[in-house]
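As a basis for the values below, the full set of heavy atoms in this structure was taken, side chains included, without hydrogen atoms, waters or symmetry mates. A note on names: the letters A, B, ... follow the listed sequences, proteins ahead of strands, and every chain is numbered from 1.
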Amino acid sequence: MIDTKLLREDPERVRASQRARGEDEGIVDEILAAEQARRSSLTEFERLRAEQKSMGKQVAQARGEDRQALLARTRDLAADVKRLQGEADAAQDRFDALVRRIGNVVEPEVPVGGEDDYVVLETVGTPPEFDFEPRDHLALAEALRAVDMERGAKVSGSRFYFLTGVGARLELALLHLAVAQAVEHGFTPMITPTLVKSEVMAGAGFLDAHADEVYRVEADDLYLTGTSEVALAGYHADEILDLSQGPMRYAGWSACYRREAGSYGKDTRGIIRVHQFHKVEMFTYCRVEDAATEHQRLLGWEKEMLGKVEVPYRVIDTAAGDLGGPAARKFDCEAWVPTQGRYRELTSTSNCTTFQARRFGIRERDPHGSGTRTVATLNGTLATTRWIVAILENHQQADGSVVVPAALRPYLGLEVLRPE
RNA sequence: GGAGGCGUCGCCUAGUCCGGUCUAUGGCGCCGCACUGCUAAUGCGGUUUGGGUUCAUCGCCCAUCGAGGGUUCAAAUCCCUCCGCCUCCGCCA
């Protein structure tokens with residue numbers, strides 16, 4: 001949810017953001033009108049309500065005929081108050097519904113355009129040169145008995161899989177490495193709920209444009225989360241945080257569930273695009289003026305992790321039209337996948353500024369004035385199951401074995417994965 | 001799943017039976033001021049949150065006693081539904 005004060009004071013900035021995203025800018029004026037209607041309706045209700053209250057006190061003291069006369073007047077007043085309250089509530093609902101349709105105000109630096117209009121900020125490492133025909137990650141994994149797609153499909157359907165033997169060990173090693181790095185940098189590790197209430201799903205911004213991406217457990221009205229970001233964003237809902245000692249940083253470990261609706265036929269081979277995977281996610285609550293700096297820190301920690309698994313990658317600055325609703329800016333790190341001859345997303349870090357926190361009512365004492373103000377939230381990937389794809393393909397050898405990156409060896413207990 | 005108890009403005013707590021000066025009591029904590037070599041102690045004052053009005057401050061007003069409805073001129077208080085926590089019973093990976 002965006003700041004309606006900004007909307008009132010600088011509507012042009014919001015219109016520009018909508019244009020950059022390729023979305024309706026007319027909604028800005030609709031919201032301004034709805035806000036005006038909401039205020040006047042509320043003022044009217046409050047005026048009458050104040051009158052009703054003061055008359056109520058007179059009734060309490062009056063006796064006999066005076067009391068009967070007052071009661072007659074106040075009965076009519078009660079009916080009016082009720083009607084005006086209904087109108088004020090309706091105006092508030094209309095306003096809320098409109099505001100919720102608008103995405104976060106994008107940062108001015110964000111590239112304009114859609115999915116293909118990203119800007120490459122940096123390329124790190126060099127794609128490996130093989131003097132043999134490289135195998136793709138699934139061929140490698142099957143030879144290593146690391147992944148079992150067939151039985152995954154038998155048990156749960158397409159896009160499900162088993163990680164088996166060294167595959168399971170490799171994932172655990174990777175996730176442990178990620179948690180260890182997060183702890184080293186002061187994050188609090190968290191194992192989060194993966195079923196959440198609809199308010200939490202909505203607050204994190206996952207029931208807006210991409211609601212069909214989400215699994216819903218109908219009998220209990222709960223949602224399976226596609227990232228621990230959801231639970232971590234809801235963790236401090238309705239709280240006033242103390243950020244005077246710096247940002248609060250959490251590292252969430254969770255299974256992630258995605259319906260992958262609308263991606264039929266895409267990435268059907270292997271574990272690149274699957275319905276369930278594991279992820280270690282960084283999540284930060286910080287002051288709004290620190291958000292851009294924190295975003296760079298999160299990106300830095302993602303790069304540190306990618307360096308540890310020794311895969312070539314590039315960093316892109318996602319264009320406005322490809323940002324999620326809550327994000328004001330997003331950087332993706334994409335690893336080189338040799339058999340595809342292109343870079344594929346391994347991490348994504350978003351600066352959601354106050355968008356999520358405003359929906360969740362997460363505030364701090366205003367350090368510059370009185371009262372409270374909304375905090376900023378940011379998130380970023382530290383490791384996921386998909387990383388296995390890049391690790392296997394980039395570190396493969398002619399005989400189908402895979403060299404384990406040095407940083408993973410202490411967690412995996414193996415230097416080389418060999419086909420059985 | 002069943003029975004019972006509970007949910008009050010940071011924490012604890014009074015108030016709920018029997019609706020109206022509840023403008024929600026008191027303690028702790030916290031903030032400010034005073035006093036005092038310093039600290040402590042003490043005294044005085046302040047301290048829920050969200051919103052409206054206002055250029056803004058002050059002030060005034062509205063909402064807020066787990067959430068949402070209802071009854072009533074009037075609800076922390078009465079009624080209904082839901083949520084959460086605790087105790088016991090049942091069931092179960």
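Atom name C1', nucleotides B:A41 and B:G50: the rounded distance is 39 Å, in whole Å. For the P atoms, the distance linking B:C58 with B:G52 amounts to 16 Å, nearest Å. Rounded to whole Å, the separation between the P atoms of B:G59 and B:U42 comes to 30 Å. Nucleotides B:C83 and B:G68, compared at atom C1', are 10 Å apart to the nearest Å. Rounded to whole Å, the P atom of B:U23 lies 31 Å from the corresponding atom of B:C30. Rounded to the nearest Å, the gap between the P atom of B:A76 and that of B:U16 is 14 Å. Atom name P, nucleotides B:C78 and B:U21: the rounded distance is 16 Å, in whole Å. Between B:A67 and B:U53, the distance separating the two C1' atoms is 29 Å to the nearest Å.
Using a 30° and 60° split on the angle between ring planes, A:Tyr250 and A:Tyr285 fall in the perpendicular class, above 60°.
The nucleotide B:A63 finds its pairing partner in B:U49, both defining distances of the Watson-Crick or G-U wobble pair being shorter than 3.5 Å. As the counterpart of B:U77, no nucleotide is assigned, since no Watson-Crick or G-U wobble pattern has both distances under 3.5 Å. With a cut-off of 3.5 Å on both Watson-Crick or G-U wobble distances, the partner of B:C11 is given as B:G27. Across all strands shown, B:U54 forms no Watson-Crick or G-U wobble pair with both key distances under 3.5 Å. Under the Watson-Crick and G-U wobble criteria, each requiring two contacts below 3.5 Å, nucleotide B:G4 is paired to B:C86. In this structure, B:A34 and B:U42 make a Watson-Crick or G-U wobble pair, each of the two defining distances being under 3.5 angstrom. Base pairing analysis places B:C22 opposite nothing; no Watson-Crick or G-U wobble pair with both distances below 3.5 Å involves it. Base-pair partner of B:C17: not found among the strands shown (Watson-Crick or G-U wobble, both distances under 3.5 Å).
The residue among A:Ser54 and A:Arg363 whose nearest nucleotide of RNA chain B is located toward the 5' end is A:Arg363. Nearer the 5' end of RNA chain B, as judged by each residue's closest nucleotide, is the contact made by A:Gln52, out of A:Gln52 and A:Lys197.
Taking atom CD1 on A:Ile362 and atom P on B:U49, their separation rounds to 17 Å, with Å as the unit. What separates CG of A:Asp242 from P of B:C30 is a distance of 14 Å, to the nearest Å. Separating the CG atom of A:Asp238 from the P atom of B:G7 is a distance of 21 Å, rounded to the nearest angstrom. Distance CG (A:Asp80) to P (B:C73): 14 Å, rounded to an integer number of Å. Following rounding to the nearest Å, A:Met1 (CE) and B:G50 (P) show an atom-to-atom distance of 13 Å. Rounded to whole Å, the distance from CD on A:Glu199 to P on B:G68 is 12 Å. Between the CG atom of A:Leu222 and the P atom of B:C82 there is a distance of 17 Å, given to the nearest Å. Atom C1' of nucleotide B:G51 and atom CG of A:Leu84 are separated by 17 Å, given to the nearest angstrom.
Residues A:Arg145 and A:Thr164 come closest through the heavy atom pair O-OG1, 2.7 Å. The shortest non-hydrogen separation linking A:Met1 to A:Arg358 is O-NH1, 3.3 Å.
Taking every side-chain heavy atom of A:Ala50 into account, B:C61 is the closest of B:A74, B:C61, B:U49. Comparing B:A74, B:U49, B:A63 against the side chain of A:Lys53 picks out B:A63 as the nearest. For A:Arg49, taking side-chain heavy atoms from C-beta onward, the closest of the listed nucleotides B:A63, B:U71, B:C73 is B:A63. Closest to the side chain of A:Glu35, from the set B:C83, B:G52, B:C62, is B:G52.
Looking at A:Asp117, A:Thr318, A:Asp322, A:Asp317 one by one, the single match for side chain to side chain contact (heavy atoms under 4.5 Å, CB included) with A:Pro111 turns out to be A:Asp317.
Under the side chain to side chain donor-acceptor pair (under 3.5 Å) criterion, A:Tyr257 pairs with no residue at all, not counting sequence neighbours.
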Side-chain donor-acceptor pairs of residues 411-420 of chain A under 3.5 Å, sequence neighbours excluded:
none

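From A:Glu281, atom CD reaches atom CG of A:Leu382 across 9.0 Å, with rounding to the nearest 0.5 Å. In this structure, the separation between CD on A:Glu199 and CZ on A:Phe360 is 9.0 Å, given to the nearest 0.5 Å.
A cation-pi arrangement is not found for A:Arg151 relative to A:Phe162, the charged atom failing to lie both closer than 6.0 Å to the ring centre and inside a 45° cone about the ring normal.
Within residues 37-47 of chain A, the residues approached by RNA chain B to less than 4.0 Å at the level of any non-hydrogen atom are A:Arg38, A:Arg39, A:Leu42, A:Thr43, A:Phe45, A:Glu46, in residue-number order.
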